[in-house]
K.L.:
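Just dropping this structure here.
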Amino acid sequence: LAKVERPASPATPPGVHPTMNSNGIPALMAEIQSELAELRTLDDRSWDLVVDEDTTIRAAHDGDAGRLLLSAEVAATPAATRLATYDLLLTYTNQWQDTGGICMGLDDATGRVVQSVDIATDGLDAAALAIVVADFHVKLLAWRIMVSRGVRSDQEPAVPPGDLDPEFA
């Protein structure tokens with residue numbers, strides 16, 4: 001598929017997608033931080049949303065592509081269940097249309113499981129971004145339970161049924 005480029009008007013500031021909120025992603029990040037997490041600015045295109053002492057969600061903005069990538073470390077995979085876990089992660093990632101675009105992968109430096117989602121910034125506002133971040137966080141917590149307890153190849157649930165809200169499966 002050919003990449004479609006939207007020409008930016010000369011009045012569009014750097015890092016602001018032409019049809020996005022005119023204050024840009026930095027303003028949206030600042031707006032959602034009080035509701036969800038402490039915001040740590042890393043540079044003009046990336047932030048850490050510190051949800052709690054165990055959870056940091058990294059946000060990286062690609063202004064040219066009009067995209068915002070959220071990513072966070074899930075957990076280390078127990079050696080005894082590594083292959084079953086990898087199989088589940090690949091299956092889940094392949095279901096991106098049903099998972100809100102959330103993908104699972106491995107950090108190449110540590111081998112720990114990483115969760116990510118790539119969202120369009122076109123028309124993005126603070127309310128929508130807050131919903132995406134909150135949903136991302138709920139799914140992250142569920143995956144932490146599943147990965148750290150170990151995924152079993154016999155298809156038994158790694159999370160007791162009451163521990164995971166089916167709305168966020």
Side-chain angles (χ1 to χ4, degrees), residues 1-4 15 17 25-26 28-29 32-33 36-122 124 128-160 163-169:
L1 297 174
K3 183 176 178 183
V4 177
H17 199 269
I25 293 296
L28 292 179
M29 297 301 294
I32 68 163
Q33 70 134 357
L36 302 172
E38 174 190 346
L39 181 69
R40 294 184 184 157
T41 300
L42 303 175
D43 58 42
D44 63 342
R45 296 171 20 161
S46 56
W47 304 265
D48 279 346
L49 289 163
V50 182
V51 179
D52 57 47
E53 64 184 37
D54 298 322
T55 307
T56 298
I57 300 171
R58 171 80 37 98
H61 180 227
D62 181 345
D64 294 335
R67 310 297 295 174
L68 183 68
L69 176 72
L70 303 178
S71 63
E73 188 175 276
V74 175
T77 306
T81 60
R82 191 163 288 143
L83 290 178
T85 300
Y86 292 171
D87 185 54
L88 181 61
L89 296 174
L90 287 169
T91 301
Y92 185 84
T93 295
N94 190 50
Q95 302 299 316
W96 61 271
Q97 292 174 319
D98 298 324
T99 65
I102 293 198
C103 296
M104 307 304 285
L106 298 175
D107 182 289
D108 57 351
T110 65
R112 294 175 72 86
V113 175
V114 175
Q115 176 179 300
S116 64
V117 67
D118 178 19
I119 57 176
T121 57
D122 186 21
L124 186 64
L129 180 56
I131 290 168
V132 169
V133 171
D135 180 62
F136 183 89
H137 182 236
V138 168
K139 289 177 181 174
L140 176 66
L141 295 177
W143 274 105
R144 280 195 177 150
I145 293 168
M146 288 188 286
V147 170
S148 62
R149 288 185 183 175
V151 175
R152 295 180 289 275
S153 60
D154 58 6
Q155 301 302 311
E156 293 178 35
V159 179
D163 286 0
L164 181 59
D165 182 341
E167 181 179 338
F168 296 105

K.L.:
May I ask you to test the Ser116-Leu70 pair for a side-chain heavy-atom distance under 4.5 Å?
P.N.:
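Of all side-chain heavy-atom pairs linking Leu70 with Ser116, none is under 4.5 Å.
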K.L.:
Determine, step by step, whether Leu88 and Val147 satisfy the side chain to side chain contact (heavy atoms under 4.5 Å, CB included) criterion, reporting the C-alpha distance in whole Å, the side-chain angles of both residues, the deciding distance to 0.1 Å, and the verdict.
P.N.:
CA-CA 10 Å; Leu88 181 61; Val147 170; over 6 Å; no
K.L.:
Got Trp47 and Leu42 here, is their nearest side-chain heavy-atom distance under 4.5 Å?
P.N.:
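A side-chain contact under 4.5 Å is absent here.
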K.L.:
Minimum heavy-atom separation for Gly100 to Val117, with atom names?
P.N.:
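The answer is O-CG2, 3.6 Å.
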K.L.:
Taking atom CZ as the centre, does Arg40 end up with more than 12 heavy-atom neighbours from other residues, nucleotides or ligands that are less than 6.0 angstrom away?
P.N.:
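Not more than 12 within 6.0 Å, no.
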K.L.:
Once you round to the nearest 0.5 Å, how far does CG of Asp43 lie from OG1 of Thr41?
P.N.:
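Spacing of CG (Asp43) from OG1 (Thr41) equals 9.0 Å.
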K.L.:
Would a 4.5 Å heavy-atom cut-off, applied to side chains only, mark Leu49 and Glu38 as touching?
P.N.:
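Counting from C-beta outward, Leu49 and Glu38 never come under 4.5 Å.
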K.L.:
Just by distance, do the side chain of Thr91 and the backbone of Asp87 share a donor-acceptor pair under 3.5 Å?
P.N.:
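At least one qualifying donor-acceptor pair exists.
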K.L.:
Count the heavy atoms of every other residue, nucleotide or ligand shown that sit under 6.0 Å from CG of Leu83, and state whether that count exceeds 12.
P.N.:
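Not more than 12 within 6.0 Å, no.
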K.L.:
Could you tell me which non-hydrogen atom of Ser148 sits nearest to which non-hydrogen atom of Pro78, and how far apart they are?
P.N.:
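It is O-CG, 3.7 Å.
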K.L.:
Are the side chain of Lys139 and the backbone of Thr99 linked by a donor-acceptor contact shorter than 3.5 Å?
P.N.:
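Judged by distance alone, yes, a pair lies under 3.5 Å.
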K.L.:
Should Arg144 and Val113 be marked as a side chain to side chain contact (heavy atoms under 4.5 Å, CB included) after you check the CA-CA gap, both sets of side-chain angles, and the distance that decides it?
P.N.:
CA-CA 9 Å; Arg144 280 195 177 150; Val113 175; over 6 Å; no
K.L.:
Should Thr56 and Val51 count as side-chain neighbours, where that means a heavy-atom distance under 4.5 Å?
P.N.:
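The answer is no; the side chains never approach within 4.5 Å.
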K.L.:
Can a donor-acceptor pair be found, under 3.5 Å and without considering hydrogens, that links the side chain of Thr121 to the backbone of Gly66?
P.N.:
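Pair found, side chain donor or acceptor close to backbone of Gly66.
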K.L.:
Shortest non-hydrogen contact from Leu140 to Ala72?
P.N.:
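Heavy atoms only, the tightest pair is CD2-CB, 3.7 Å.
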K.L.:
Which residue pairs pass the salt bridge (charged side-chain N to carboxylate O under 4.0 Å, His left out) test with at least one member in residues 49-61, sequence neighbours excluded?
P.N.:
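Listed once each, the pairs are Asp48-Arg58.
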K.L.:
Does a side-chain N-to-carboxylate-O contact under 4.0 Å join Arg67 and Asp62?
P.N.:
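Between Asp62 and Arg67 there is no salt bridge, as every charged N stays at least 4.0 Å from the carboxylate O atoms.
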K.L.:
Would you say that Leu68 contacts Leu129 through its side chain, given a criterion of any heavy-atom pair below 4.5 Å between the two side chains?
P.N.:
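When only atoms from C-beta onward are counted, Leu129 and Leu68 do touch, with a gap below 4.5 Å.
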K.L.:
Measure across Ile119 and Leu124 and return the closest heavy-atom pair with its distance rounded to 0.1 Å.
P.N.:
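That would be CD1-CD2, 4.3 Å.
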K.L.:
Working to the nearest 0.5 Å, report the span between CD1 of Ile131 and CG of Asp135.
P.N.:
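The CD1 atom of Ile131 sits 9.5 Å away from the CG atom of Asp135.
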K.L.:
Anything under 3.5 Å between a donor and an acceptor, one on a side chain of residues 102-110, the other on a protein residue two or more places apart or in another chain? List them.
P.N.:
| from | atom 1 | to | atom 2 | distance (Å) |
| --- | --- | --- | --- | --- |
| Asp107 | OD1 | Ala109 | N | 2.7 |
| Asp107 | OD1 | Thr110 | N | 2.9 |
| Thr110 | OG1 | Arg112 | N | 3.2 |

K.L.:
Before you tell me yes or no, could you show the steps for Ile32 and Val133 under side chain to side chain contact (heavy atoms under 4.5 Å, CB included), namely the whole-Å CA-CA distance, both residues' side-chain angles and the distance that decides it to 0.1 Å?
P.N.:
CA-CA 9 Å; Ile32 68 163; Val133 171; 4.0 Å; yes
K.L.:
What closest approach, in Å, do Trp143 and Leu89 show between heavy atoms, and which atom pair accounts for it?
P.N.:
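Taking every non-hydrogen atom into account, CZ3-CD2, 3.6 Å.
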K.L.:
Rounded to the nearest 0.5 Å, how far apart are CD1 of Ile57 and CD of Gln115?
P.N.:
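Ile57 CD1 to Gln115 CD: 8.0 Å, rounded to 0.5 Å.
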